[in-house]
Asks: 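Starting off with a structure, shown below.
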Amino acid sequence: MTRARPTRPQDWLATRGWRPFPFQRTVWRAVAEGESGLLHAGTGAGKTHAVWLAALARFADPAAAAPLTVLWLTPMRALASDTERALAEPMAALAPGWTLGLRTGDTGSAERARQARRLPSALITTPESLSLLLARADARAALRSVRMVVVDEWHELLGNKRGVQVQLALARLRQWNPTLLTWGLSATLGDLAHASAVLLGGATGRLVEGRSDRLPQIDTLLPARPERFPWAGHLGLRMLPALITELEAAGSSLVFLNTRSQAERWYQALLEARPDWAGLIALHHGSLDREVRDWVEQGLKQGRLKAVVCTSSLDLGVDFSPVERVLQIGSVKGVARLLQRAGRAGHAPGRRPRITLVPTHSLELIEAAAARQAAKAGQLEARRSPEKPLDVLVQHLVTVALGGGFRPETLLPEIRSTWAYRELADDEWQWALAFVRQGGPSLHAYPEYRRVAPDDAGDWRVPDAQVARRHRMGIGTIVSDAGVTVQFLRGGRLGTVEESFIARLRPGEAFLFAGRLLELVRVHGMVAYVRLAGGARAAVPRWNGGRMPLSTELADAMLAQLEHAAAGQLDSPELRCAAPLLSLQAAWSALPGRDTLLAESLRSREGWHLFLYPFAGRQVHLGLASLLGWRLARQQPVTFSISVNDYGLELLSATAIDWPARLQPALFDDAGLLQDLLAGLNAGELAQRRFREIARISGLVFNGYPGAAKSARQLQASSSLFYEVFRQHDPDNRLLAQAEHEVLWQELEGQRLAETLATLRTRRLVHQALKRPTPFAFPLMVARFRERLGSEKLAERIARMLAELERAAGGEATTDVAASLAFEQPAAVAPPRRRRRP
DNA sequence: GACCTGCTGCGGCCTG
C-alpha cells in the first residue's frame, strides 16, 4: 500500500514521524497570510522546517516548475551546503517541479553557466553572492520573480556592514516585487524588535519565538586547589589535567579558546599529555587552510574525532550532531556567545546542550557564576545595525549601476527605505553620487575613479569594462589583510600567519602552527616554505585579531555576584571556590558593587597608583583611563602609565599625586567628552587604520587579483596615501569623517563610555588606601608589565611581587601567579627580532 | 606599523 504524497507541511513532518511545534504552525499561518517576520529560537529547534515548509506550501504548485522564487541567505559557505541538504527532501515531496541551487564563491563554472541560463526555483546563497547577482546587467529580469527571502542567522549579520549590505539588497528586491516576504531566522539575540525592524525596513512583521525549553546546562570546571589558583593570566594550562579527565568521560567535544595562538598551544599541550590521542583530536581556527578545516569538519560530522580545539571559527550553526559537550576555556565575554557555543552540542533530539566553563584565573570563577545567572535570566546582548555607513552605500551604488543602471531620484527613496539609511540626508546622498561619478575633488583627474556616469537617457551606469570587473571582484564588506601562506616544500598548504611574525624568523628556526612543529626553510613572496621539524623549542605565531570586550550584560551580572559575596551569600560552587580571594579583597580593600565605585590607591616603588573598577569592558576602560589621564594632566602636569582589563583600569604616575583629593566628580563629567577623548588618545592614528577598511569597501583601493594578492604592506601604503591626499586636498571627504565616527562609536564604544560616565556619577565613591595590591589590582599591574617587559623579566618581576605579597599575607601562600606564568610562557613566546641588516 | 591574549565571515580576473 502506498501512502499519499504529502501536500501540507504537517503531512511532510508526519512522514518523518514528527509532530509540528506550535511555533512552526504559527509561522505557516503567517506566511500563508502573506506576512513577513522574524523567527527567534535556539539552535536545532526546527526553524528551517518552519520557514521552508511554509514557503513551499504558499508558493509551490506541485505540478509545475517555477522560476526563482525563494532566496535563502546564509552567512557562511559551510552552512550553505548543509542547508541544501536540509531543503532538498521536503522540496522533492512537496514541490517536485522545483529545482534547488547553491551559489557561493565555491560554485563551479559549469553550475554558474547553468545558472546564468536559468536560475533554480530556490537559491541558497550568501550576502556577497546576492550582491553579485544584483550587479548582473539582467538583475531585474533574473530576480523580479523572487517572492520570499529567508535570512538565516540574522543575528550574525544584523550588527555589521554585511547586514547593511543585506538591507540594501532587500530594498532592491522589494522594489521589483512589493509583495516580497522576508523572514529572518535568529538565535541568541537581545533586542528582537530592533532586529525585526532592520530586517523589514521599518515595516511591521510577525515576531515568532520558538521553543525555549532547551536552556543549556552550564557548569564550571573548578580548580583542584582554589587557594593556589592564579590571580592573573589567560592561558589556563594548569587546568589541563582536569580538562583531560572531562574529555575522557565525554563523547565528542568542542574546546573553545578565545585566540588562535592559545588554541595552537592547548592543542599541543593536549597531544603532549595524551600522545595516544593523535589522530583523534584536531585543531580548527580561521588561519588554517580551508582543506585542513574541511577535513576537521567532516571528521566532526562523522563522529571520528574525540575533540576539536577551536576558536569562534566553529561558532556558527553547522550541525555537528555527534558533539556531546562544549568546553570554553577563558572568559566567554558575553551571554549570547555562551548560548551560541553551548548550542553546538546536544544537537540530537532529546539531548540537552551542555557547556562547561574553564576559568584561567580567579576572577573568571566569578564571571562563570555570573554568566550562568545571566543566561538563566535571559539577559542577552542586543545587536544594533550600523547607521548609514557611506562606504557600503558607495559600493552599492556601483553595484546598482552595473545591475541595469539607476536614476538618482528613484533610487533615493529605495535606499531610504532601509533602516540603516532611513535618515540619509540630501547632502550625503549628493556626496555619494558625486563620489562614484568622479571620486570627489581630489581624484577627478583620475579616470579609474570616474566609475559611474549618466548615459544620454539619464540612467547612471558603469561605462568602463575594467571598472566593472574590478568592482565585481571587490564586492563585500569583509576586509582582511592577506597573510603569508605557510606551505610544505612539496606543496601542501597549512594556512596563513602574519607577515610580521615570519619576518622575525630566520630559516632553520622552528615554529608551532596548524598543530605541527615546523621549520622555516625560506620565504618567497607571500609564501613561507616549511618542513616538519624535530626538537621542542618553538615560537608560536600570534595574530592581530579583534578584541572582544566583556559585554555590559555579563559585567553587570558579575557585579551582582560580587554583591552576593559581600552579603555572605556564597550560593554557587564558583563563589565558594573564589571565597579565599574574595575575603582577601574584602579585608585589604572592599568588594566592588553596583552602587559604589571602588577606587584603590597605592604607593609603591613604581610610583602612585590608582585602580578603578567600573566593570565596563576593556575598550571603555581604555577610553576612560585616557580621558581621566588627560583631564588630570590638565590640572597639574603629570604623565601616566595606563593599564586596563575588562574589570577595571589603572593609572600610574611616577610623581606624587594625592589621589583622594584629585578624584573629583568633574573628572567624570560629560561635557567635552569627545574632545577630551580624542585629545587623550591618538585618535588620528586610530582613524587612519580604520580608513583602510573604508577605502577597500568603498572601492578606492583594489585588492589585486586572486592568487596575486597584494601584501598587507602594499594595501596599507595605498590606503594611507588616500588618507593623506583627502586630508590635504579634500578635508570634507565624508569617508574621513566616517573613519573617525567608527573609531569613536564602534572601536572605543563611545555610547557605552558615555553611559558608564553617567552611571559612575551616580555611584558613591569608596576610596581605599592600599598597603599592597589587591586581587583585583594585581592583574592590572601584571598586564602593564607584560606590555613593557619580555617574558623572562616579567616572571622575575612577578616573583618579586609575590614574595612581597606572601610576606604581607603572613607567610600564607595566597597565589601562584609566577608559577603559572612561567608555565604559560614557555621558551620563547615570540622569536627574537631579526637584527637589522646594515 | 603597532600590537603583544586578542575572533569570525565572503568574493573575484585573465588565459580564444
Side-chain angles (χ1 to χ4, degrees), chain A residues 73-80 103-107 112 125-132 135 153 156-157 160-163 165 232-236 256-265 284-287 290 310-316 329-334 337 340-341 360-361 465-466 468-481 498-501 503 540-549 618-619 645-646 682 685-686 688-689 692 696-697 702-709 712-713 716-717 720 779 782-783 785-791 794 824-825 829-830:
Chain A
L73 293 186
T74 128
M76 250 178 80
R77 286 177 298 210
L79 268 182
R103 175 63 175 258
T104 72
D106 292 337
T107 305
R112 279 173 190 232
T125 187
T126 60
E128 288 76 13
S129 286
L130 174 56
S131 286
L132 281 159
E153 311 268 2
E156 207 48 50
L157 297 167
N160 54 45
K161 291 181 183 176
R162 286 184 90 192
Q165 194 178 7
H234 292 94
L235 191 53
F256 280 100
L257 272 302
N258 282 339
T259 75
R260 288 165 278 191
S261 184
Q262 288 175 328
E264 290 274 351
R265 285 203 214 165
H284 193 283
H285 61 68
S287 291
R290 275 288 297 285
C310 60
T311 61
S312 36
S313 55
L314 288 185
D315 262 0
L316 277 193
I329 300 179
S331 171
V332 71
K333 304 281 184 180
R337 272 165 62 94
Q340 180 73 33
R341 290 190 173 174
T360 61
H361 59 75
Q466 166 100 343
R469 201 179 69 211
R470 283 188 170 206
H471 179 75
R472 290 201 182 89
M473 292 181 62
I475 277 183
T477 61
I478 299 173
V479 172
S480 45
D481 287 336
E498 299 218 344
E499 276 177 297
S500 59
F501 174 76
V540 182
R542 283 197 306 230
W543 289 264
N544 233 338
R547 307 170 171 207
M548 316 152 260
R618 54 164 301 121
Q619 305 297 82
N645 61 21
D646 275 325
N682 199 345
E685 205 167 293
L686 292 175
Q688 179 165 359
R689 217 179 307 158
R692 280 162 62 182
R696 282 158 80 174
I697 294 176
F702 179 53
N703 290 320
Y705 292 101
R713 226 179 284 281
Q716 183 189 327
S720 41
V782 172
F785 302 151
R786 186 173 282 142
E787 288 187 21
R788 278 209 322 247
L789 306 172
S791 57
L794 176 65
E824 289 174 2
Q825 307 217 343
V829 172

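Each chain gets a letter, A, B and so on, in the order its sequence line appears, and its residues count up from 1.
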Asks: If you restrict it to nitrogen or oxygen atoms, what contacts under 3.5 Å exist between nucleotides 14-16 of chain B and the protein, and what is each distance?
Replies:
none

Asks: What is the distance, rounded to the nearest whole Å, between atom CD of A:Glu498 and atom P of B:dG1?
Replies: 15 Å
Asks: Does a distance-only test, which skips hydrogens and angles, find a donor-acceptor pair under 3.5 Å between the side chain of A:Arg103 and the base of B:dG11?
Replies: no
Asks: Measure CD1/A:Ile329 against P/B:dG6 and give the value in whole Å, please.
Replies: 16 Å
Asks: Check the distance between B:dA2's C1' and A:Phe501's CZ and give it to me in whole angstrom.
Replies: 17 Å
Asks: Looking at every strand, decide which applies to A:Leu157 at a 4.0 Å heavy-atom threshold: base, sugar-phosphate, or nothing.
Replies: nothing
Asks: For A:Ser131, give me all partners under side chain to side chain contact (heavy atoms under 4.5 Å, CB included), at least two apart in sequence or on another chain.
Replies: A:Gln165, A:Ile475
Asks: When you compare B:dC7 with B:dC3, how far apart are their C1' atoms, in angstrom units rounded to a whole number?
Replies: 16 Å
Asks: Check side chain to side chain donor-acceptor pair (under 3.5 Å) between A:Thr311 and all other residues, then give those that pass, not counting sequence neighbours.
Replies: A:Ser313
Asks: Expressed in angstrom and rounded to an integer, what is the separation of A:Gln619 atom CD from B:dC3 atom C1'?
Replies: 13 Å
Asks: Could you check A:Ile697, A:Ile478, A:Val479 and say which one makes a side chain to side chain contact (heavy atoms under 4.5 Å, CB included) with A:Lys161?
Replies: A:Ile697
Asks: Please identify each residue that fulfils salt bridge (charged side-chain N to carboxylate O under 4.0 Å, His left out) with A:Arg162, with sequence neighbours left out.
Replies: A:Glu128
Asks: My understanding is that only residues two or more places apart in sequence, or in another chain, count here; which of them pass side chain to side chain donor-acceptor pair (under 3.5 Å) with A:Thr104?
Replies: none
Asks: Listing time: all N or O pairs from protein to nucleotides 7-10 of chain B that are below 3.5 Å?
Replies:
unit_1: B:dC7; atom_1: OP1; unit_2: A:Arg260; atom_2: N; d: 3.4
unit_1: B:dC7; atom_1: OP1; unit_2: A:Arg260; atom_2: NE; d: 3.1
unit_1: B:dC7; atom_1: OP2; unit_2: A:Arg260; atom_2: NH2; d: 2.5
unit_1: B:dC7; atom_1: OP2; unit_2: A:Gly545; atom_2: N; d: 2.5
unit_1: B:dC7; atom_1: O3'; unit_2: A:Thr311; atom_2: OG1; d: 3.3
unit_1: B:dC7; atom_1: O2; unit_2: A:Ser312; atom_2: OG; d: 2.8
unit_1: B:dT8; atom_1: OP1; unit_2: A:Gly286; atom_2: N; d: 2.7
unit_1: B:dT8; atom_1: OP1; unit_2: A:Thr311; atom_2: OG1; d: 2.3
unit_1: B:dT8; atom_1: OP2; unit_2: A:Arg260; atom_2: NE; d: 3.1
unit_1: B:dT8; atom_1: OP2; unit_2: A:Arg260; atom_2: NH1; d: 3.4
unit_1: B:dG9; atom_1: OP1; unit_2: A:Arg293; atom_2: NH2; d: 2.4
unit_1: B:dG9; atom_1: O3'; unit_2: A:Pro75; atom_2: O; d: 3.4
unit_1: B:dC10; atom_1: OP1; unit_2: A:Arg77; atom_2: N; d: 2.7
unit_1: B:dC10; atom_1: OP1; unit_2: A:Arg77; atom_2: NE; d: 3.4
unit_1: B:dC10; atom_1: OP2; unit_2: A:Arg77; atom_2: NH2; d: 3.4
unit_1: B:dC10; atom_1: O3'; unit_2: A:Thr126; atom_2: OG1; d: 3.4

Asks: Among A:Lys333, A:Arg618, A:Gln619, A:Arg547, find the one that has a side chain to side chain donor-acceptor pair (under 3.5 Å) with A:Asp646.
Replies: A:Lys333
Asks: Apply salt bridge (charged side-chain N to carboxylate O under 4.0 Å, His left out) to A:Arg260 and list each qualifying residue two or more places apart in sequence or on a separate chain.
Replies: none
Asks: Write down the distance separating the C1' atoms in B:dG6 and B:dA2, rounded off to the nearest Å.
Replies: 14 Å
Asks: Is A:Lys161 touching bases, backbone alone, or none of the nucleic acid, heavy atoms closer than 4.0 Å?
Replies: nothing
Asks: Using the P atom as the reference point in each nucleotide, state the distance between B:dC14 and B:dC10 in Å, no decimals.
Replies: 23 Å
Asks: Using the test side chain to side chain donor-acceptor pair (under 3.5 Å), find all partners of A:Asp106 that sit at least two apart in sequence or belong to another chain.
Replies: A:Arg290
Asks: Given atom CD of A:Glu685 and atom P of B:dA2, what is their separation to the nearest angstrom?
Replies: 6 Å
Asks: Applying ring-ring contact (aromatic ring centres under 6.0 Å, His included), can you list everything that pairs with A:His361, at least two apart in sequence or on another chain?
Replies: A:His234
Asks: Between A:Met473 and A:Gln262, name the one whose nearest nucleotide on DNA chain B is closer to the 5' end.
Replies: A:Gln262
Asks: Return the value, rounded to whole Å, for the distance between atom CZ of A:Arg470 and atom P of B:dC13.
Replies: 14 Å
